Asks: 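I have a structure here, written as structure tokens, and I will follow up with some questions on it.
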Amino acid sequence: MLNRASEACNMLKEHMENDTVIRLISHNDADGISAAAVIANALAEEDVQFHATLVPRLKEDMVNQLRSEKNDLFIFSDMGSQFIKEFNTYKHDVIVADHHQVNDTEAESNVVHVNPHLFGVDGSKELCGAGSAYLTIRDLDKKHLAYYALVGAFGDMQGQEGFTGVNKLILDDALESGNLEIHEGLKIVSKSTEPIFKSLAYTFSPPLPGISGDLDGAREFLEHMNLSYGIKFTDLEDEEKDLLKDALINVNPDIFGDCYTVVKESPMLRDLEEYSYILDACGKNKKQGLGLSIAMGEKDQALDAALRLQRQYRDQIVKGLEWVKREGAQQLNSIQYLYSEDKLLKSIMGTIASIGLSVDLLDNSKPVLGLSRLHKDIKISGRTTRDMVAKGVNLGKALQDSSNNFGGTGGGHDIAAGAMIPYESKDNFLHLVDEMVEYQLNSD
């Protein structure tokens, strides 16, 4: 895998020497923004011109449209593995730094395909899109940028239980560069910016059942200990912090553990996981350009705007989880699904599906699909648990194969995947996914 990444870096170096504008296309979620940031920062440091575009998904019409652009090198990060066949016919060089599931197409000489799945590495927990992107620029002596790849890993739910596989190699690079430090602490969010009850209610990873996503539950939890819920965690006395720590460990022992800090960053961005949440909020609010500009060094007004988006996004998640608690999921034999045409819920369906599983609002013995109607189409966000994957579930495969039957597109990871299908195919699609998951569970 590292040899393949070196091939990509060699291709990049050739184009850097030719003084050409490099075209960068990346996903617009936290992992995709981090992937773009790794490459964009590396190019900016070398005074190389680039043109970046961050998109929610890569579609065939965009792949064809890019073909006619006058760029000598295209880099696709956190996306692109499903389009190797099309890139093979480009007259330009192409680097694909992805971690989603791959198909059987071999890359031609003009394409360097960096993807963990090609080398037997699990792209859902051992390397994210930003990690693949980092590996492609690693030979430029850029270990000080390694922490961006770890921000992406957190955004892709890969760092919450410690870093494994290739992510561990990237962590070692970040520590070696001196940019990153590890210390033990409570993994609650916004310790210095939000009242403590909101910090607890906004903490979704690790999940705190009865507290995560539940403002009233968080208040009651604190009141039960005679702690003031209106002040910030950083303003608590040391004894109160210890009391809270012990009580939270009783709810979920994973809430206390390794915290990863970027020393040189501004206070709001020092915690890697918090950084990923801020980029995620930018992406979810279609302000991915704002996220990329922050990751490239813009602070002050840009960061203030991102923090406002983050607060708004977290409030939406809380409302979304209240809706899940009230309405529940629709049950089929082997899957469950959430469906709404509500504008607020549509933008966070994948997030509330994921959190709903982790805080026991949904049945975690069944994968969940979050469905959002977009005019004539339906966007699907699928989530399941590691336990279900161990039993044979592969959502990426199920959503890809099912969506293809209805003229749609889909794919992703075994644990988290997405699809887009025509609206009229909704019921047939759901039943086909249900059958496919049932088949996966019954196959040895």
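Position 1 is the first residue of the sequence; numbering continues from there. The model shown is predicted, which means the values in this text are computed figures rather than measured ones.
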Asks: Can you confirm whether Lys426 is buried at NZ, in the sense that more than 12 heavy atoms of other residues, nucleotides or ligands lie under 6.0 Å from that atom?
Replies: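 Yes - once you tally the heavy atoms of other residues, nucleotides and ligands closer than 6.0 Å, there are more than 12.
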
Asks: Could you give me the CA-CA distance, side-chain angles and deciding distance for Glu435 and Tyr439, then say whether side-chain hydrogen bond (donor to acceptor under 3.5 Å, both in side chains) is met?
Replies: CA-CA 6 Å; Glu435 286 172 15; Tyr439 175 77; over 6 Å; no

Asks: Could you tell me whether Lys299 atom NZ has more than 12 heavy atoms of other residues or ligands within 6.0 Å of it?
Replies: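 Enclosed: over 12 neighbouring heavy atoms sit under 6.0 Å from NZ of Lys299.
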
Asks: What are the two closest heavy atoms between Gly328 and Leu338, and how far apart are they?
Replies: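 It is O-CD2, 3.9 Å.
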
Asks: Please walk me through it: do Asn428 and Asn405 pass side chain to side chain contact (heavy atoms under 4.5 Å, CB included)?
Replies: CA-CA 10 Å; Asn428 289 331; Asn405 274 275; over 6 Å; no

Asks: Using a 3.5 Å distance criterion without hydrogens, assess whether the side chain of Asp258 forms a donor-acceptor pair with backbone atoms of Ile182.
Replies: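 Flag not set: sc Asp258 to bb Ile182 has no pair under 3.5 Å.
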
Asks: Main chain of His100, side chain of Asn115: is a donor-acceptor contact present, judged purely on distance under 3.5 Å?
Replies: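 Side chain of Asn115 to backbone of His100: a pair is present.
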
Asks: Check Leu200 against Ala218 and note the closest heavy-atom contact, atom names and distance.
Replies: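 Distance-wise, the nearest heavy atoms are CB-CB, 4.2 Å.
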
Asks: Looking at the rings of Phe154 and Phe163, which for Trp means the six-membered one, are their centres under 6.0 Å apart?
Replies: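 Ring-ring flag for Phe154/Phe163: true, centres closer than 6.0 Å.
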
Asks: Can a donor-acceptor pair be found, under 3.5 Å and without considering hydrogens, that links the side chain of Tyr202 to the backbone of Ser190?
Replies: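 Judged by distance alone, no pair lies under 3.5 Å.
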
Asks: Would you find more than 12 non-hydrogen atoms of other residues, nucleotides or ligands less than 6.0 Å from Tyr229 atom OH?
Replies: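 Result for OH/Tyr229: open.
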
Asks: Show me the pairs that pass side chain to side chain donor-acceptor pair (under 3.5 Å) and involve residues 342-353, at least two apart or across chains.
Replies: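 Every side chain to side chain donor-acceptor pair (under 3.5 Å) pair that includes a residue of residues 342-353, provided the two are not neighbours, is Tyr313-Thr351.
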
Asks: Taking all heavy atoms of Leu215 and all of Lys198, pick out the closest pair and write down the distance.
Replies: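 Closest approach of Leu215 to Lys198: CD2-CG, 4.0 Å.
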
Asks: Does Asp434 use its side chain to pair, donor to acceptor, with the backbone of Ile335 at less than 3.5 Å?
Replies: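 A pair under 3.5 Å: yes.
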
Asks: Just checking, Lys264 and Tyr147: is the charged tip under 6.0 Å from the six-membered ring centre and within 45° of the axis?
Replies: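 Because its charged atom misses either the 6.0 Å distance or the 45° angle limit, Lys264 does not stack over Tyr147.
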
Asks: Going by an N to O cut-off under 4.0 Å, is there a salt bridge joining Glu240 and Lys232?
Replies: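 Salt bridge between Glu240 and Lys232, a charged N being under 4.0 Å from a carboxylate O: no.
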
Asks: Looking at Glu239, I want to see if its CD is surrounded by more than 12 non-hydrogen atoms of other residues, nucleotides or ligands under 6.0 Å.
Replies: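 Count not over threshold, so no.
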
Asks: Within a radius of less than 6.0 Å around CG of Asp141, do more than 12 heavy atoms belonging to other residues, nucleotides or ligands occur?
Replies: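 No, not enclosed.
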
Asks: Are Glu181 and Arg270 within salt-bridge range, i.e. N to O under 4.0 Å?
Replies: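 No, no charged N to carboxylate O under 4.0 Å.
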
Asks: When rounded to the nearest 0.5 angstrom, what distance separates CG in Asp360 from CD1 in Ile355?
Replies: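 Asp360 atom CG to Ile355 atom CD1 measures 13.0 Å (nearest 0.5 Å).
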
Asks: Using a 6.0 Å cut-off, check whether atom NE2 of His183 has over 12 heavy atoms from anything other than its own residue.
Replies: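 Yes.
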
Asks: So how far is it from Asn394 CG to Leu399 CG, rounded to the nearest 0.5 Å?
Replies: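 Answer rounded to 0.5 Å: 9.0 Å.
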
Asks: If you look at every heavy atom in Asp139 and Cys9, which pair is closest and at what distance?
Replies: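 Smallest interatomic distance, heavy atoms only, reads CB-SG, 3.6 Å.
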
Asks: Would you confirm whether Gln158, through its side chain, and Leu127, through its main-chain N or O, come within 3.5 Å as a donor-acceptor pair?
Replies: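 Such a contact is found between Gln158 side chain and Leu127 backbone.
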
Asks: Whether Asp271 and Lys191 form a salt bridge (side-chain N of Lys/Arg under 4.0 Å from carboxylate O of Asp/Glu) is what I want to check.
Replies: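 The answer is no: the pair does not qualify as a salt bridge.
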
Asks: Has the side chain of His413 got a donor or acceptor atom that lies under 3.5 Å from a matching backbone atom of Gln101?
Replies: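 Here the side-chain-to-backbone pair does not exist.
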
Asks: Are the side chain of Lys379 and the backbone N or O of Leu371 linked by a donor-acceptor pair below 3.5 Å?
Replies: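 Flag not set: sc Lys379 to bb Leu371 has no pair under 3.5 Å.
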
Asks: Donor-acceptor check, side chain of Arg373 to backbone of His375, threshold 3.5 angstrom: yes or no?
Replies: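 Such a contact is found between Arg373 side chain and His375 backbone.
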
Asks: Per the side-chain contact (heavy atoms from CB on, under 4.5 Å) rule, which among Ile39, Asn41, Leu140, Asn179 passes with Leu145?
Replies: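 Answer after filtering Ile39, Asn41, Leu140, Asn179: Asn41.
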
Asks: Can you tell me how far NZ of Lys376 sits from CD of Glu424, rounded to the nearest 0.5 angstrom?
Replies: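 Spacing of CD (Glu424) from NZ (Lys376) equals 9.0 Å.
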
Asks: Quick check: closest heavy atoms across Ile249 and Ile255, and the distance to 0.1 Å?
Replies: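 Closest approach of Ile249 to Ile255: N-CG2, 3.8 Å.
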
Asks: Would you say Lys397 has more than 12 foreign heavy atoms packed within less than 6.0 Å of its NZ?
Replies: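 No.
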
Asks: For Asn252 versus Pro206, what's the shortest heavy-atom pair and its separation?
Replies: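 In this case the closest contact between Asn252 and Pro206 is ND2-CB, 3.6 Å.
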
Asks: Could you walk me through whether Ile352 and Leu345 pass side chain to side chain contact (heavy atoms under 4.5 Å, CB included), step by step?
Replies: CA-CA 9 Å; Ile352 60 175; Leu345 290 171; 4.2 Å; yes

Asks: Please step through side chain to side chain contact (heavy atoms under 4.5 Å, CB included) for the pair Ile196 and Ile188, ending with a clear verdict.
Replies: CA-CA 9 Å; Ile196 185 69; Ile188 59 174; 4.0 Å; yes

Asks: Whether Arg311 and Asp315 form a salt bridge (side-chain N of Lys/Arg under 4.0 Å from carboxylate O of Asp/Glu) is what I want to check.
Replies: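 Result for this pair is no, no salt bridge flagged.
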
Asks: Would you check if the side chain of Asn364 reaches a backbone N or O of Asp387 as a donor-acceptor pair within less than 3.5 Å?
Replies: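 No: the side chain of Asn364 does not pair with the backbone of Asp387.
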
Asks: Determine, stepwise, if the pair Tyr275 / Tyr148 fulfils side chain to side chain contact (heavy atoms under 4.5 Å, CB included).
Replies: CA-CA 9 Å; Tyr275 201 147; Tyr148 286 108; 3.7 Å; yes

Asks: Distance under 6.0 Å and angle within 45° of the ring axis: does Lys142 meet both against Tyr134?
Replies: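 No - Lys142 does not lie over the ring of Tyr134 by the 6.0 Å and 45° rule.
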
Asks: Main chain of His113, side chain of Arg4: is a donor-acceptor contact present, judged purely on distance under 3.5 Å?
Replies: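 Answer holds: yes.
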
Asks: Tell me whether the count of non-hydrogen atoms from other residues, nucleotides or ligands lying under 6.0 Å of NZ in Lys319 goes above 12.
Replies: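 No, the 6.0 Å shell around NZ holds no more than 12 heavy atoms from other groups.
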
